[in-house]
Amino acid sequence: MCGITGWVSYRRDLNEHQQTLDAMTETMACRGPDARGAWIAPHAALGHRRLAVIDLPGGAQPMRIATDDGEVAMVYSGEAYNYTELRGELRSRGHRFTTDSDTEVVLRGYLEWGEALAERLNGMYAFAIWDARTEKLLMLRDRMGIKPFYFYETEDGVLFGSEPKAILANPLCPAEVGLDGLRELFSFAKTPGHAVWEGMRELRPGHLAVADRNGVREQAYWRLGTTDARPDRETAVAHVRELLEDITARQLVADVPRCTLLSGGLDSSALTALAARQLAEKGETVRSFAVDFPHQAENFRAIDVSPTQDTPYVHAVAEHVHCDHRDIVLDGSSLSDPSVRRAVVGARDLPMGLGDRDNSLYLLFKAVREESTVALSGESADEVFGGYPWFHDERAQTDTFPWLAGGQRLFGNALEPGLARRLDLDAYVADHYASAVRETPSKEGESAAEARMRQVCYLHLTRMVQTLLDRKDRMSMAVGLEVRVPFCDHRLVEYVFDTPWSLKTFDGREKSLLRAATRDLLPQSVADRKKSGYPGSFDPDYLAAVQSQTAGLLSDDHPALALCDPAALRTATEATGDAVTQEQRSAMERTLDLAVWFDLHKPTLKLN
């Protein structure tokens with residue numbers, strides 16, 4: 001895992017811009033605390049910050065290979081889980097390796113296959129390769145978008161980075177946000193390729209882009225699709241289990257301490273159990289971590305996406321599979337600490353947070369990083385297997401993104417009324433929903449009901465999952481922790497997406513295939529547990545702090561309030577106890593995030 005950045009300019013000699021490259025690279029220091037590297041040629045400059053995970057002494061970057069026709073240089077972030085097989089194939093084709101790193105495998109794979117390398121990789125990765133032989137830059141991102149990649153076209157080239165902050169550190173990219181950027185920011189629609197910042201783009205998952213003297217062209221190398229396969233239940237369950245066994249084994253490979261993130265739900269518990277079994281064969285014990293809050297039993301309130309507390313189930317799994325387990329307990333004062341919010345918003349580059357759930361995830365990862373460098377997470381299983389409550393009720397049948405069907409937005413009703421009218425978020429969401437539905441691949445012979453549920457699955461796998469993967473990546477890399485997501489292995493995603501909804505729910509419940517494939521590994525209480533989302537804190541001290549901090553912004557007339565409705569926020573700060581609605585709480589949390597964002601990035605709003 002690493003942070004990457006770079007600059008291609010066909011009219012400048014970038015040897016004269018070392019200081020700018022250094023500034024871009026240093027914004028990625030948290031992503032790569034172990035080493036720093038830079039490489040500059042007349043028309044290309046690459047910067048790298050390294051988190052060493054595989055081949056600790058041999059994976060230094062930028063990595064370069066000299067050829068008879070010119071040098072080829074790469075900066076790479078992520079892991080290629082099939083690098084051992086690829087290295088063997090490349091050796092058979094005459095390549096000689098000087099390191100044991102997957103980075104060199106990817107670079108030599110480019111020398112052998114060019115852009116077709118993309119179709120051979122299995123893993124999570126984002127990388128850029130400057131080919132001096134053709135003076136072209138190849139930019140490539142993994143199929144599911146697990147690792148981030150952003151770029152910004154200039155008059156004579158391109159800037160790129162793992163995060164927007166790296167690009168914004170270059171004077172050629174102004175920190176501007178227009179109306180469409182605000183629409184993306186407040187809608188929770190997650191339009192693929194949209195980066196919020198004016199002129200900046202996010203390389204879409206499963207896409208590559210090539211920059212040359214004619215500009216930048218982007219193309220897909222992978223898309224979700226369907227086949228004519230019609231597996232029976234027994235075959236599907238067995239294949240899911242076979243895939244999970246292989247995926248877990250591949251993603252446990254590391255030269256540093258690793259662990260699992262355990263919530264006591266079906267997804268993370270299954271991964272932890274698989275990891276425990278595989279490590280036990282090597283005489284090792286899996287480590288696991290979970291988040292918890294003081295007095296959660298007394299303060300907990302069941303809500304739709306989190307109907308039960310995690311801790312009893314976490315401990316049941318830890319005992320069942322013999323984990324070395326630790327609970328990370330976070331109190332309200334830690335969650336509401338302004339320095340934590342500043343770190344979270346700084347990591348995300350945008351005020352897109354989920355309130356205390358973002359803050360607690362950051363603090364959880366920070367605590368895990370003290371003992372491990374790599375963690376396996378159950379993230380994305382709900383999108384792959386159909387786990388959210390709205391998959392299974394009338395919300396799935398509405399003409400909008402199902403997670404927005406309740407009509408609530410993260411910012412509530414606290415947008416400045418005039419701005420809200422100009423943004424017209426309902427129309428923005430409707431347009432992007434229609435576009436997403438049109439993309440959905442069909443399967444010949446499907447019923448209308450099956451076709452609709454395929455659309456719902458597609459929406460989650462191409463829109464919602466991107467928001468959650470980005471959140472996971474930013475929070476983990478902000479503390480130098482590599483979090484791997486086995487459920488995003490493209491082989492598993494392709495297979496489960498291709499199966500009919502009736503097979504995904506054959507027992508009348510959510511995630512039927514996953515439950516059947518892993519039930520033998522788990523305590524019965526966990527195997528039968530209803531979906532419960534990442535936990536929030538119900539600590540009254542946290543809410544009181546949020547209200548107090550929001551009131552402080554109102555009294556100071558902070559510039560961020562230009563986007564907000566002060567009257568709605570003032571009402572929220574004056575409400576007491578249970579009278580504070582979830583919508584009001586979200587609005588206050590987002591307002592606090594907005595204020596930090598303004599302080600950190602000083603964005604110029606282009607509202608004309």
Side-chain angles (χ1 to χ4, degrees), residues 182 185-186 188 291-306 309 329-348 350-364 406-417 419-420 471 475 533-600:
L182 292 179
L185 189 62
F186 294 126
F188 207 61
V291 68
D292 199 5
F293 309 97
H295 312 296
Q296 184 77 335
E298 302 97 292
N299 295 330
F300 180 81
R301 289 180 292 168
I303 57 177
D304 189 20
V305 294
S306 296
Q309 298 177 58
V329 182
L330 306 172
D331 60 26
S333 62
S334 299
L335 294 173
S336 61
D337 187 332
S339 67
V340 171
R341 187 175 301 279
R342 185 177 180 87
V344 166
V345 176
R348 299 199 73 171
L350 294 169
M352 297 184 67
L354 297 174
D356 69 288
R357 286 173 168 81
D358 263 3
N359 296 359
S360 68
L361 190 65
Y362 169 81
L363 291 172
L364 169 65
Q408 293 186 348
R409 308 207 185 280
L410 288 179
F411 201 63
N413 295 317
L415 276 175
E416 193 277 321
L419 177 63
R471 170 177 177 255
M475 295 301 98
Y534 182 82
S537 170
F538 296 92
D539 189 332
D541 291 342
Y542 173 78
L543 178 57
V546 166
Q547 288 181 296
S548 174
Q549 291 166 14
T550 305
L553 290 180
L554 289 166
S555 64
D556 292 343
D557 196 25
H558 193 281
L561 295 177
L563 300 177
C564 307
D565 181 352
L569 290 172
R570 192 168 290 108
T571 299
T573 64
E574 294 170 353
T576 58
D578 292 340
V580 181
T581 67
Q582 184 59 48
E583 194 171 71
Q584 287 176 319
R585 173 169 161 164
S586 294
M588 290 187 289
E589 290 172 320
R590 175 59 75 87
T591 300
L592 294 174
D593 286 355
L594 274 171
V596 173
W597 181 54
F598 269 73
D599 293 342
L600 288 174

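Computed from a predicted model, the values in this text were never measured in an experiment.
L594 approaches C564 most closely through the heavy-atom pair CD1-SG, 4.0 Å. Nearest heavy atom pair, residue A587 against residue L569, reads O-CD2, 4.0 Å. The shortest heavy-atom contact between R341 and D593 is NH1-OD1, 2.7 Å. Between Q549 and S336, the shortest heavy-atom contact is NE2-O, 3.0 Å. Across every non-hydrogen atom of A562 and E416, the tightest pair is O-CB, 3.9 Å. Closest of all the heavy-atom pairs between L185 and R590 is O-NH1, 3.5 Å.
Side-chain contact check for F293 versus D539: every heavy-atom pair is 4.5 Å or farther apart. Counting only heavy atoms from C-beta outward, the side chains of D358 and R348 approach each other to under 4.5 Å. For the pair V329 and P294, the minimum side-chain heavy-atom distance is below 4.5 Å. Residues R585 and D356 form a side-chain contact, since some pair of their non-hydrogen atoms from C-beta on lies under 4.5 Å apart. At a threshold of 4.5 Å between non-hydrogen side-chain atoms, the residues T550 and L592 count as touching. The shortest side-chain heavy-atom distance between L563 and L182 falls under the 4.5 Å cut-off. Side-chain contact between V580 and Q547: present, with at least one pair of heavy atoms (C-beta onward) separated by less than 4.5 Å.
Going from atom CZ of R357 over to atom CD of E589 covers 9.0 Å, rounded to the nearest 0.5 Å. Remark: T573 OG1 to Q584 CD distance equals 9.5 Å, nearest 0.5 Å. Put simply, CG on L600 and CG on L350 are 11.5 Å apart, with the number rounded to the nearest 0.5 Å. Within the model, atoms CG of N359 and CG of L364 stand 12.5 Å from one another, a figure rounded to the nearest 0.5 Å.
D331 and S334 are linked by a side-chain donor-acceptor pair at a separation below 3.5 angstrom, with hydrogens and angles left out of the test.
In terms of modelled atom types and a separation under 3.5 Å, the side chain of S586 and the main chain of Q582 share a donor-acceptor contact. No side-chain donor-acceptor contact under 3.5 Å links Y542 to the backbone of L335. Judged by distance alone, the side chain of D556 and the main-chain N or O of H558 form no donor-acceptor pair under 3.5 Å.
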